[in-house]
Amino acid sequence: MIRNLVRIVRWAGPYRARLFWGCVCSFFMTWAVAAPVVLAAWLLAQVADDARGVSQLDPSWVWLSLLAMVGCVLARFAFSYGKNRLQESIGYEVAAQERIDLGNVLKRVPLGYFAQNKTGDILATATTELGVLELQGMKMVDAVINGYVNLAAIVWFLFVLSPPAALAAVAGTAVSCLALASVNRASQRLTPAAHKATEDLTSDIVEYVRGLGTAKSYGHGGAAERPIRATIQRLKDARIAIELAFTPRNVVHLVAFKLASVGVVACAAWPFARGAMPLWVFLALCAFSFTVFSGVERVNDSAHMLGDLGDILDRLEELEGAEFIDEGGRDIPLDGHDIEFENLGFSYARDGSGQTLHDVSFSIPEGTTCAIVGPSGSGKTTIANLMMRFWDADSGEVRVGGRNVKDFTCDSLLSNFSAVFQSVYLFNDTVENNIRFGRPNATFAEVIDAAKRAQADEFVEGLPEGYRTLVGEGGSALSGGQKQRISIARALLKDAPIVILDEATASVDPENEALIQSAISELTRGKTVVVIAHRLATIENADQILVVEGGTVVQRGTHEQLLAEEGTYRKFVEIRSEAEGWRFGF
Ligand SMILES: Nc1ncnc2c1ncn2[C@@H]1O[C@H](COP(=O)(O)OP(=O)(O)OP(=O)(O)O)[C@@H](O)[C@H]1O
């Protein structure tokens with residue numbers, strides 16, 4: 001429990017001083033609550049003595065006591081306000097920074113990281129779980145620190161009034177601490193399963209929503225729900241197991257305090273009955289017996305919650321400890337933009353088994369177009385991804401502008417690339433902002449100019465709110481061809497010297513195809529272009545064609561050179577010609 005408490009205090013980082021002063025306010029707040037109890041007990045005793053004729057009560061003391069009580073009430077609210085102002089926002093501020101940091105970490109990890117860590121797990125940690133930490137973290141620190149600091153102060157006060165009553169309080173606290181230690185151990189044992197189930201549930205829901213269209217079209221809605229139902233059951237079981245484990249320990253914790261309260265009253269009643277204790281002390285002890293443990297009684301929830309929060313902190317540390325792909329990289333301005341692969345070997349498996357690419361060597365001179373062709377699964381996309389260092393090669397080297405891609409930071413390397421993929425992803429934002437993503441400081445006029453050159457301006461102007469129209473999640477409010485043109489406008493605005501293009505295989509209508517081709521010609525003019533090509537026209541016009549088969553480059557040359565050779569390329573062209581209705585004279 002203490003360890004997790006210290007970790008949360010550390011997590012508060014630069015806000016630790018505010019956390020400390022918040023605790024100080026909370027401490028004085030507790031005394032502002034306790035003081036009227038003592039005053040009331042003292043006043044009652046004076047009234048009783050006056051009634052019994054033991055002493056005469058001076059009315060001015062009554063007014064002074066009442067005034068002091070009002071002062072305490074006001075002080076309590078002032079300290080409560082101070083505590084809230086200082087502490088309440090810390091969780092939100094730290095969590096906001098944490099989310100930005102997580103975003104920065106995710107930007108710099110290799111794509112393989114997302115295969116090992118499911119999107120849902122990352123999503124659950126950055127949203128739900130970090131949300132629990134942001135809401136509960138500071139409250140728990142406050143509850144535990146103030147709970148025990150105040151208990152210690154009140155026990156000291158009890159000790160001054162009646163040492164046996166203080167001992168009863170200490171004994172109750174000791175038994176409660178044993179129960180809480182056991183809650184904490186149970187929490188460490190049981191909460192990881194609940195957290196895992198929460199993360200899995202998020203993954204399953206993301207997967208379910210993504211696959212809903214496919215599931216519906218095959219009439220398998222029920223089958224798609226099955227993994228979610230199983231995870232919901234697992235989460236329910238994990239949560240119930242936690243409650244079942246905590247209930248008996250919580251009972252011991254609370255009973256220990258209730259018995260200790262009875263002990264305090266007994267320790268006061270015994271000497272009072274024998275006339276060895278003044279009435280006001282007896283009354284004060286009785287009143288205290290009900291309030292002395294109120295702060296720490298709630299610590300049982302905190303002990304459980306601190307276990308939970310410790311687990312969340314573990315997960316955050318794990319995410320933030322991810323290895324950066326560009327660790328030690330530098331910002332390197334490039335003079336040239338040739339691309340070279342030298343004896344490259346690559347496997348998606350971490351242990352290097354099942355090589356996807358092997359012995360890949362080629363070079364693409366600056367300002368030329370290179371078409372990559374080959375059967376499905378041969379490794380074309382992988383080659384393009386390695387140029388942008390989405391992954392790292394296991395052997396050999398990739399160079400851009402004569403520099404090993406490992407020398408760059410990700411941002412510095414990627415500033416040289418514009419990529420247009422087959423499956424376009426648009427952010428759930430306006431058309432304008434989606435285009436501006438290519439160059440965040442572009443003016444509106446530049447955005448429109450890029451859209452015009454990408455043949456997108458006409459349809460954008462026809463949208464309900466023109467460039468201010470929201471495109472929906474992933475661009476769901478636009479057609480495939482429209483999304484393509486927006487993504488080309490984005491790439492045009494970026495104006496990077498190297499363009500990576502994954503040509504659409506899905507057939508688009510002739511009008512859209514003509515518009516997209518015209519936009520692509522605009523994008524690729526004067527650039528170093530790498531195109532994963534499917535259309536014969538693109539392939540024919542390339543300065544160089546790489547034929548990839550079985551994870552390596554099996555043929556390399558111009559269209560004419562490769563057609564003159566027996567081999568994969570010629571077969572490929574025959575098949576494509578038939579598909580496109582072309583005939584070649586060879
Ligand atoms: N993220 C990944 N994790 C593991 N294996 C992968 C991953 N991406 C691709 N592969 C595998 O690597 C091989 C090459 O895939 P790649 O996508 O590069 O082929 P491609 O030639 O672009 O195929 P296509 O023309 O169908 O897009 C395939 O066997 C594929 O299954």
Side-chain angles (χ1 to χ4, degrees), residues 106-122 203 206-207 210-211 322-323 325 339 341 343-362 364 369-396 398 405 410 417 419-425 480 484 487 498-508 520 529-539 542 544-556 562 567-569 571-576 578-580:
L106 296 181
K107 258 190 347 198
R108 295 177 61 190
V109 295
L111 284 186
Y113 178 85
F114 298 98
Q116 290 144 23
N117 297 270
K118 286 189 278 178
T119 319
D121 295 0
I122 297 167
S203 292
V206 170
E207 176 77 9
R210 278 190 187 150
E323 221 174 283
I325 196 166
I339 299 171
F341 273 51
N343 297 327
L344 186 125
F346 171 74
S347 161
Y348 282 105
R350 285 186 101 191
D351 60 4
S353 61
Q355 275 210 320
T356 303
L357 297 178
H358 59 93
D359 305 317
V360 176
S361 296
F362 61 85
I364 306 172
T369 296
C370 173
I372 307 180
V373 301
S376 176
S378 56
K380 305 181 292 293
T381 309
T382 308
I383 290 178
N385 286 344
L386 289 175
M387 290 175 191
M388 294 182 280
R389 209 183 168 199
F390 287 172
W391 309 79
D392 258 340
D394 298 326
S395 57
V398 181
V405 289
C410 287
F417 288 89
V420 177
F421 299 108
Q422 272 196 51
S423 56
V424 175
Y425 188 84
Q484 273 281 347
S487 83
I498 304 172
V499 176
I500 306 266
L501 204 60
D502 193 354
E503 245 181 10
T505 43
S507 54
V508 270
I520 285 174
V529 182
V530 180
V531 52
I532 297 169
H534 303 284
R535 295 170 66 254
L536 281 177
T538 313
I539 301 165
Q544 172 182 216
I545 299 160
L546 301 179
V547 183
V548 181
E549 194 169 23
T552 197
V553 179
V554 290
Q555 284 180 288
R556 189 178 156 198
L562 296 182
T568 311
Y569 185 72
K571 281 190 219 121
F572 170 79
V573 171
E574 276 169 10
I575 295 168
R576 287 302 316 160
E578 269 174 39
E580 293 182 26

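In listed order, ligands and their atoms are each counted from 1. Numbering starts at 1 and runs along the sequence shown. Just so we're clear, the structure is a prediction, and the values are computed from it rather than from any experiment. The figures here come from the full heavy-atom set of this structure, side chains too, leaving out hydrogens, waters and symmetry mates.
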Side-chain (Gln555) to main-chain (Tyr569) donor-acceptor, under 3.5 angstrom: yes
Any donor-acceptor pair under 3.5 Å from Lys380 side chain to Val548 backbone: no
Enumerated ligand 1 atoms positioned under 4.0 Å from heavy atoms of Pro375: 21 (O)
Check: Ser487 side chain, Val420 main-chain N or O, donor-acceptor pair, under 3.5 Å: no
Donor-acceptor contact present, side-chain Asp394 to main-chain Ser347, <3.5 Å: yes
Non-hydrogen atom of Ala384 closer than 4.0 Å to ligand 1: no
Per-atom contacts, ligand 1 versus Ser378 - under 4.0 Å to a heavy atom: 19 (O), 21 (O)
From Ile500 atom CD1 to Met387 atom CE, the distance as rounded to the nearest 0.5 Å: 5.0 Å
Geometric N/O contact His534 with ligand 1, under 3.5 angstrom: no
Residues which pass ring pair (Phe, Tyr, Trp, His ring centres under 6.0 Å) with Phe362, listed by chain and number, not counting sequence neighbours: Phe341
Contact partition for Thr382 relative to ligand 1, non-hydrogen atoms under 4.0 Å: both
Closest candidate by heavy atom, reference atom 3 (N) of ligand 1, pool Phe390, Tyr348, Trp391: Tyr348
Any Gly379 heavy atom less than 4.0 Å to ligand 1: yes
